[in-house]
Peer 1: 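Have a look at this one.
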Amino acid sequence: MTSILRELESSVLERLRPITKDEARALVELPASDLPALLALAHEVRRRWWGEGVELESLISAKTGGCPEDCAFCSQSIHYDAPAQRHAFLPLADVLAAARATEASGATHFCIVVAVRGPDRRLMSQVLRAVEGIRAETSLEVDCSLGILDRAQAEALRDAGVHRYNHNLETSRSFFREIVSTHSWEERVETCRLVREVGMGLCSGGILGMGETWEQRLEFAFELRELEPDEVPLNFLNPRPGTPLADRRPLKPSEALRAIAIFRLIFPDRIIRYAGGRELVMRDLQALGLVGGVNGMIVGNYLTTVGQPVAEDMRMLEDLGMPVRVPER
Ligand code: SF4
């Protein structure tokens with residue numbers, strides 16, 4: 001085993017401290033033969049903080065397509081000729097039915113996602129009604145992802161009982177301008193800060209494999225850490241036809257696994273959630289992420305792509321001996 005791993009084993013595990021950027025750089029350089037040892041260390045850190053439980057969340061794309069932003073990975077942008085569904089905010093009954101199905105599947109979190117730059121007055125009232133209905137009818141924690149917020153909107157969501165607000169940084173500050181031009185990385189940071197200021201939980205992560213370097217990946221992770229997210233969703237680019245990233249090759253599973261383990265060591269006490277692209281990128285190695293640092297999963301379908309059936313995820317967790325983590329209330 002390489003010396004950096006031996007050093008981290010004693011210092012990170014004994015004191016449960018996050019690794020430094022230099023340590024993360026050393027882990028990027030580890031030979032492939034040390035990947036199993038890196039995953040084992042990340043898993044042990046996760047077990048000491050969290051035990052074996054895995055938090056499951058399901059998403060609903062409540063308003064799909066027609067987004068004025070130009071995120072290069074996204075088939076919901078009006079800037080690209082990408083085949084994607086398009087619909088206005090779903091009827092309340094459909095949102096409630098999806099929430100009930102989520103609860104029946106065994107997941108404990110339900111996230112309402114809309115494709116907009118930020119919500120207008122009408123959308124806010126539709127979302128608030130949905131949050132109220134879901135909380136009345138289920139025991140799910142309700143999360144939202146509605147884009148850029150102002151303070152009054154953040155406070156209204158908090159007052160409605162929204163548990164966590166998702167707003168991904170997506171990538172590092174230095175790479176962001178190659179991916180999005182219609183809003184700035186700083187605007188994303190501002191919304192993340194606002195979410196924390198008003199007292200909602202913050203869910204913020206991004207997408208790996210968009211062409212960023214490892215150094216930019218680490219830059220992203222350490223920038224994210226300054227925002228102290230409760231949860232870090234890790235998506236892996238699933239190149240969508242018609243988008244500027246359509247021809248990019250998906251990450252190799254070994255690179256994704258290395259990234260998962262390094263993120264776990266940077267965020268020892270947070271939820272690292274498997275998100276979009278895991279089926280495409282990890283293929284038969286999905287379970288390795290769960291013994292390499294992951295302790296949360298999005299189950300069911302993603303926003304523009306289809307995930308594997310929830311029953312398969314449940315069977316994978318059962319085979320690993322990992323229970324679904326039930327939130328403390
Ligand atoms: S990622 Fe979100 S903000 Fe960006 S184009 Fe897609 S729906 Fe719009």
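All of these numbers come straight from a predicted model, not from anything done at the bench. Just so you know, ligand 1 is whichever comes first in the structure, and atom 1 is the first atom listed for that ligand.
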Peer 1: Assess the side chains of T182 and E69: does a donor N or O sit below 3.5 Å from an acceptor N or O?
Peer 2: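 Side chains of T182 and E69: pair found under 3.5 Å.
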Peer 1: Checking R217 against W214: charged group under 6.0 Å from the ring centre and within 45 degrees of the axis?
Peer 2: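 Checked: cation-pi criterion met.
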Peer 1: Given the protein's heavy atoms, is any one of them under 4.0 Å from atom 2 (Fe) of ligand 1?
Peer 2: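 When distances to the protein are checked, atom 2 (Fe) of ligand 1 has no heavy atom within 4.0 Å.
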Peer 1: Parallel, tilted or perpendicular: which describes the rings of Y274 and F236, with under 30° parallel and over 60° perpendicular?
Peer 2: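 Y274 vs F236 ring planes: perpendicular.
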Peer 1: One thing to verify: whether R278 and D313 come together as a salt bridge, which I'm taking to mean a side-chain N less than 4.0 angstrom from a carboxylate O.
Peer 2: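 Looking at R278 together with D313, the answer is yes, because their closest N to O distance falls below 4.0 Å.
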Peer 1: When the ring centroid of H183 is compared with that of F176, is the distance short of 6.0 Å?
Peer 2: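 Yes, close enough.
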Peer 1: Does the distance from a Lys or Arg side-chain N to an Asp or Glu carboxylate O, for E223 and K21, drop under 4.0 Å?
Peer 2: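 Looking at E223 and K21, the cut-off is not met.
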Peer 1: Could you grab the protein N, O or S atoms closer than 2.8 Å to atom 6 (Fe) of ligand 1 for me?
Peer 2: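 Protein N/O/S atoms under 2.8 Å of atom 6 (Fe) of ligand 1: C74 SG.
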